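Written out below as structure tokens is the structure these notes cover.
Below, each value reflects all heavy atoms present in this structure, side chains not excepted, and no hydrogens, waters or symmetry copies. Since this is a predicted model, take the numbers as computed values, not measurements.
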Number of protein chains: 2
Amino acid sequence: MARSSQTQMAVLGGLSIEPMTAYALREAIRDVLGHFWSESFGQIYPTLQVLEEEGHVRRREGPRARSSVFEITESGTARLIELLTEPIRDTPPRDGLLLRLFFGRTLGRARCRGLLQAARDRATQNLRGYEELHAQLSTAEGDTPDWPFIEVTIRAGIHHARATVAWADESLTALSTEEPPS
Amino acid sequence: MARSSQTQMAVLGGLSIEPMTAYALREAIRDVLGHFWSESFGQIYPTLQVLEEEGHVRRREGPRARSSVFEITESGTARLIELLTEPIRDTPPRDGLLLRLFFGRTLGRARCRGLLQAARDRATQNLRGYEELHAQLSTAEGDTPDWPFIEVTIRAGIHHARATVAWADESLTALSTEEPPS
DNA sequence: CGAGGCATGTAACGCGTTACATGATTCC
DNA sequence: GGAATCATGTAACGCGTTACATGCCTCG
């Protein structure tokens, strides 16, 4: 009974879609899972070694000398389902933007508006990113069984980005006056 | 030039609104900042000691023996502004729900729908929580200069909760068929 | 033949949580 | 007088990031 690992979930999950090198796995996580997940090299390599020892992944010769392509084994798939079924461990929230806005009286209205505008810009940019990602992946993966699930995660990003834009607009209006109304 | 600390920001910010004991500070952070921030005892106490040594907070006799009420000093306010002005350090995202849904093919549609339904329920519950919080604080703090900013953070929660509900509904529909369409 | 990207790993460090440990006060 | 809550702190541990260290391969 190995202890639970979120990194194992992401690694096994990635390999369940397609065998890859550790390097490619990291890129895939960054580019595709990037808006809701992250893993660093320092986690991925040791995790792959552990998974190999436990027989959950198999190492094959890679495209170059000293490079390896990893593929998931049957026991790895079982382990993945086990991990996926575990209760979600929610990380304590830490939103630096909201924390700053909360203390907006001290920070000042002008700076708050700056932060809100920046957040709005980022959100619209993200929105475009999601649309690109959706277009790109729907042609590449559109007819694989993974696609409907991938799409769900992208649409989560879209919904949240839109909500952020609406909230930022509303808040910019609310904080528009330089001095609070008497 | 002390190193940046997110905990210092939350602690000084809390005390900038009202002097409190460490215990009350933790409760305030949990109850009011809870939906976008968290601090644990293990952080709050050492941070208060550091801030006291640096002269950013002052310790006064508390309501009981061996208890202290902390209040922010002038240099503490300056330090708070300094911290508030620092660029936002965004924590790498880690959304366990989206990670599981992404690997939904392996997890199975039924379980995905379960997760989505649970997320939807939680979001509607949060929504109610925000409304309560809004009502409660708007009477308690409604005419303080902090209120407009507090309201902005609550409305962020409301917007995101609504977005989550809409996304969950849409996704439940998308994943409603037991077998993928041929 | 050099720059940049592919590829693999290790080690140190910091942040933050959890669990532990203790005691005062209030309310029933 | 006992339970719950207020109150203060410490210590160990784990997770994850960052920085470091190394080398191959391809393209221009």
*Atom pair distance, as rounded to whole Å: CD in A:Glu52 and P in C:dT8*: 12 Å
*In terms of the nearest nucleotide of DNA chain D, which residue is placed more toward the 5' end: B:Pro92 or B:Phe70?*
B:Phe70
_Atom-pair distance (CE on B:Met20; P on D:dT8), nearest Å_ = 12 Å
*Separation of A:Leu25 atom CG from C:dT8 atom C1', in whole Å?*
13 Å
*asked:* Does D:dT17 have its OP1 or OP2 closer than 4.0 Å to a side-chain nitrogen or oxygen of A:Ser40?
replied: yes
*Take atom CZ of B:Arg30 and atom P of D:dA7, then tell me their distance rounded to the nearest Å.*
13 Å
_Among C:dT25, C:dT17, D:dT8, the nucleotide that comes nearest once only the side chain of B:Ala22 is considered_ = D:dT8
*Side chain of B:Gln43 only, please: which of C:dC6, D:dT17, C:dT17 is the nearest?*
C:dT17
*Under 30°, 30 to 60°, or over 60°: which ring-plane class applies to B:Phe36 and A:Phe102, parallel, tilted or perpendicular?*
tilted
*Quickly work out the B:Arg89 CZ to C:dG14 C1' distance and round it to whole Å.*
10 Å
*Rounded to the nearest angstrom, tell me the gap between atom CZ in A:Arg94 and atom C1' in C:dC15.*
8 Å
*Could you check how far CZ of A:Phe41 sits from C1' of C:dA11, rounded to whole Å?*
16 Å
*Go through C:dT8, D:dC24, C:dT17 for me and flag the one nearest to the A:Ser68 side chain.*
C:dT8
*Between A:Arg79 and A:Glu82, is there a side-chain N and carboxylate O pair less than 4.0 Å apart?*
yes
*Can a donor-acceptor pair under 3.5 Å be found between the side-chain atoms of B:Arg64 and the base atoms of D:dC6?*
yes
*asked:* Please determine whether a side-chain nitrogen or oxygen atom of B:Ser38 lies at a distance below 4.0 Å from atom OP1 or OP2 of C:dT17.
replied: yes
_If I take atom CG in residue B:Leu51 and atom P in nucleotide D:dG9, what distance separates them, rounded to the nearest angstrom?_
14 Å
*Taking only the side-chain heavy atoms of A:Tyr23 (C-beta and beyond), determine which of D:dT10, C:dT25, C:dC6 contains the nearest atom.*
C:dC6
*Which nucleotide sits closest to the side chain of B:Gln49: D:dG9, C:dC6, C:dA24?*
D:dG9
*In terms of side-chain heavy atoms of A:Glu27, which of C:dC6, D:dC24, D:dG9 is nearest?*
C:dC6
*Within the structure shown, what part of the strands sits under 4.0 Å from B:Arg59 by heavy-atom distance: base, sugar-phosphate, or nothing?*
sugar-phosphate
_Closest-nucleotide mapping onto DNA chain C: is A:Pro63 or A:Pro46 further toward the 5' terminus? I mean the 5' end._
A:Pro63
*Give a yes or no on whether a salt bridge exists between B:Glu71 and B:Arg60, defined as a side-chain N under 4.0 angstrom from a carboxylate O.*
yes
*Should A:Glu39 and B:Arg94 count as an ion pair when the cut-off is N to O under 4.0 Å?*
yes
_Between A:Arg30 and A:Glu27 (salt bridge meaning N to carboxylate O under 4.0 Å), is one present in this structure?_
yes
*Just to confirm, is there a sub-4.0 Å distance from OP1 or OP2 of C:dC6 to any side-chain nitrogen or oxygen of A:Thr21?*
no
*Would B:Gln117 and B:Asp121 count as having a side-chain donor-acceptor pair, cut-off 3.5 Å?*
yes
